Amino acid sequence: MPNDEYAEVRRLAAQVARDVYGPVAEEMDVNRTPVSREQRMQLGELGFLGIAHPEEYGGSGAPLAQALVVVEEFAKVCRPAAFQIFEANTGPAQVVNHLGTEEQKRRWLPAIISGERTMAVGISEPDAGSAATDMRTTAKVTNGTVVVNGNKRWISNGGEADQYVVYCRLSDAPGAKGIGAVVVDKGAPGFSFGASERLMGFRGIPSADLYFDNVEVPESNIIVPAGGFGRLFGVFSIERMGNTTMSLAIGQAALDRTLKYVEEREQFGKPLIEFQSIQVMVADMVLQVEAARLLRDQAAASVDARGMPDALKVSLAKCTANEMAKRVTDLAMQIHGGNGYTEEYGIERLHRDAHGWAIAGGTPTMQRIRIVSEVLGRKFDQRR
Ligand SMILES: Cc1cc2nc3c(=O)[nH]c(=O)nc-3n(C[C@H](O)[C@H](O)[C@H](O)COP(=O)(O)OP(=O)(O)OC[C@H]3O[C@@H](n4cnc5c(N)ncnc54)[C@H](O)[C@@H]3O)c2cc1C
């Protein structure tokens, strides 16, 4: 962040991440172990889960940029821990914060901010990924009860989270017009989960399908009625800022480890950094990380009085950071030689995670489509 106005919180976050999660991050990845409830409660006690939430619900009322600093420091060390901070500050809880009623905010936010409960988001479906508005999950309202039917795919923290913000069709209107969102609690009769996915990365962040078979929830769980897709995706820009920061941290961590390695590792009688081609590769890493950081900071600085970042700046930052993390971790692997290919050095873990963050939250291709659309001020119909 410019002038690092969040230096103190950055220092505290880095220290906790290093001391608590540094020793267990590799094991969490190898065994796909999620953050425990106790660990999450500790993150809540430290105030890390409510940074970007209002004080009246237990948060700190700080700017989104401060939450991003904390996500970044944790993500450099342990993505499953960073994910908890990401999810609470930039994920579905922000849908509640920005679009929920006063009663819904009081009902749901304090438990998320304290770490007692977690919330996941269900948008994607087997036949509706990039084409999110093709979703088929329905929520029909009769006599004060909402009946949810359908299937969500690739849901991070699926099966683990206590509550789900489920994007669904709340009216028969086609495309985006019929879409809204409803909150469904884990344990509701008819709500079940698929097997935990064995993802390439994201290990320690469970992923599962959600199945809704005539799941009944009270009408007061409708968070956004039909016609609110634009508002939902407006708030999703905040999640994309969290995603961008995850990628930035992955690139930065790969760079930090590489800077150390090239000084220590010797070949042909001298440290790797003495070879000009290695210097060029390292310079490319620095260049790409810094470019992504500037765009992330620019997007974070664009947050308006409503707490919403500028959509164009967010897509520029996400696209750049996602692709940077894939390239920079690849360069780090190359520079680390055989060591980079082992679990011990953590580079292959960074590379695997980089790919996951570049798909989640909308691929770089979809960000490019958004960029052109914003720059030209017109929408492109992907069906033609
Ligand atoms: C690690 C991970 C975590 C995730 N977490 C969640 C979550 O918590 N909640 C949730 O709802 N979803 C989640 N997702 C799903 C994610 O949002 C989707 O995977 C993503 O939007 C892409 O959809 P898809 O996988 O169906 O790919 P597809 O949409 O089938 O796309 C396949 C390829 O085609 C390209 N493509 C698609 N349409 C176009 C077009 N019009 N023009 C050019 N190229 C195009 C894409 O860019 C991509 O390269 C997660 C995914 C991953 C991998």
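Just so you know, these numbers use all the heavy atoms, side chains as well, and skip hydrogens, waters and symmetry mates. Note that the structure is a prediction, hence the values are computed from the model and not measured. In listed order, ligands and their atoms are each counted from 1.
- For Lys326, the NZ atom counts as densely surrounded, since its 6.0 Å shell holds more than 12 non-hydrogen atoms of other residues, nucleotides or ligands.
- In terms of protein heavy-atom proximity, atom 41 (N) of ligand 1 is closest to Gln382 OE1, 2.8 Å.
- The protein reaches atom 31 (O) of ligand 1 closely, with a heavy atom under 4.0 angstrom from it.
- What sits closest to atom 12 (N) of ligand 1 on the protein, heavy atoms only, is Ser124 OG, 2.8 Å.
- The proximity of Thr363 to ligand 1, defined as any non-hydrogen pair under 4.0 Å, is limited to the side chain.
- The pair Asp209-Lys152 does not meet the salt-bridge criterion, since no charged nitrogen lies less than 4.0 angstrom from a carboxylate oxygen.
- The protein heavy-atom contact nearest to atom 29 (O) of ligand 1 is Ser130 OG, 2.7 Å.
- Nearest protein heavy-atom contact of atom 42 (N) of ligand 1 is Ile369 CD1, 3.7 Å.
- Taking the charged nitrogens against the carboxylate oxygens, Glu343 and Arg352 have no contact shorter than 4.0 Å, which rules out a salt bridge.
- We find that Arg368 and Glu323 are joined by a salt bridge, their nearest charged nitrogen and carboxylate oxygen being less than 4.0 Å apart.
- For ligand 1, the polar-atom distance check against Ile123 finds a nitrogen or oxygen pair separated by under 3.5 Å.
- Nearest to atom 9 (N) of ligand 1 among the protein's heavy atoms is Val121 O, 2.9 Å.
- Protein non-hydrogen atoms do not reach within 4.0 Å of atom 35 (C) of ligand 1.
- Between Ala360 and ligand 1, no N or O atom pair is found at a separation short of 3.5 Å.
- Between Leu259 and Val282, the closest heavy-atom pair is CD2-CG1, 3.6 Å.
- Counting heavy atoms under 4.0 Å from ligand 1, residue Met366 touches it through the side chain alone.
- Under a cut-off of 6.0 angstrom, the local environment of CG in Asn143 is sparse, with at most 12 non-hydrogen atoms contributed by other residues, nucleotides or ligands.
- Between His351 and His355, the ring planes are perpendicular. Angles over 60° get that label, and only those under 30° would be called parallel.
- For Trp154, heavy-atom contacts with ligand 1 shorter than 4.0 Å involve the backbone as well as the side chain.
- Note that atom 20 (C) of ligand 1 has protein non-hydrogen atoms nearby, at separations under 4.0 angstrom.
- In this structure, Asn157 does not count as a contact residue of ligand 1, since none of its heavy atoms falls inside 4.0 Å of the ligand.
- No option in Asn243, Thr244, Thr363 other than Asn243 meets the side chain to side chain donor-acceptor pair (under 3.5 Å) test with Asn322.
- Residue Phe275 places its CZ atom among more than 12 non-hydrogen atoms of other residues, nucleotides or ligands, all under 6.0 Å distant.
- Every atom of ligand 1 with a heavy atom of Phe202 under 4.0 Å away is listed here by number and element: 1 (C), 3 (C).
- Of all the heavy atoms of Thr365, the ones lying under 4.0 Å from any atom of ligand 1 belong exclusively to the side chain.
- Listed by number with element, the atoms of ligand 1 under 4.0 angstrom from any heavy atom of Ser156 are 3 (C), 4 (C), 5 (N), 6 (C), 7 (C), 8 (O).
- Annotation: atom 26 (O) of ligand 1 to nearest protein heavy atom, Gly129 CA, 3.3 Å.
- Remark: Asp172 CG is loosely packed, at most 12 non-hydrogen atoms of other residues, nucleotides or ligands lying under 6.0 Å away.
- Relative orientation of the Tyr261 and His336 rings is parallel, given thresholds of 30° and 60° on the angle between their planes.
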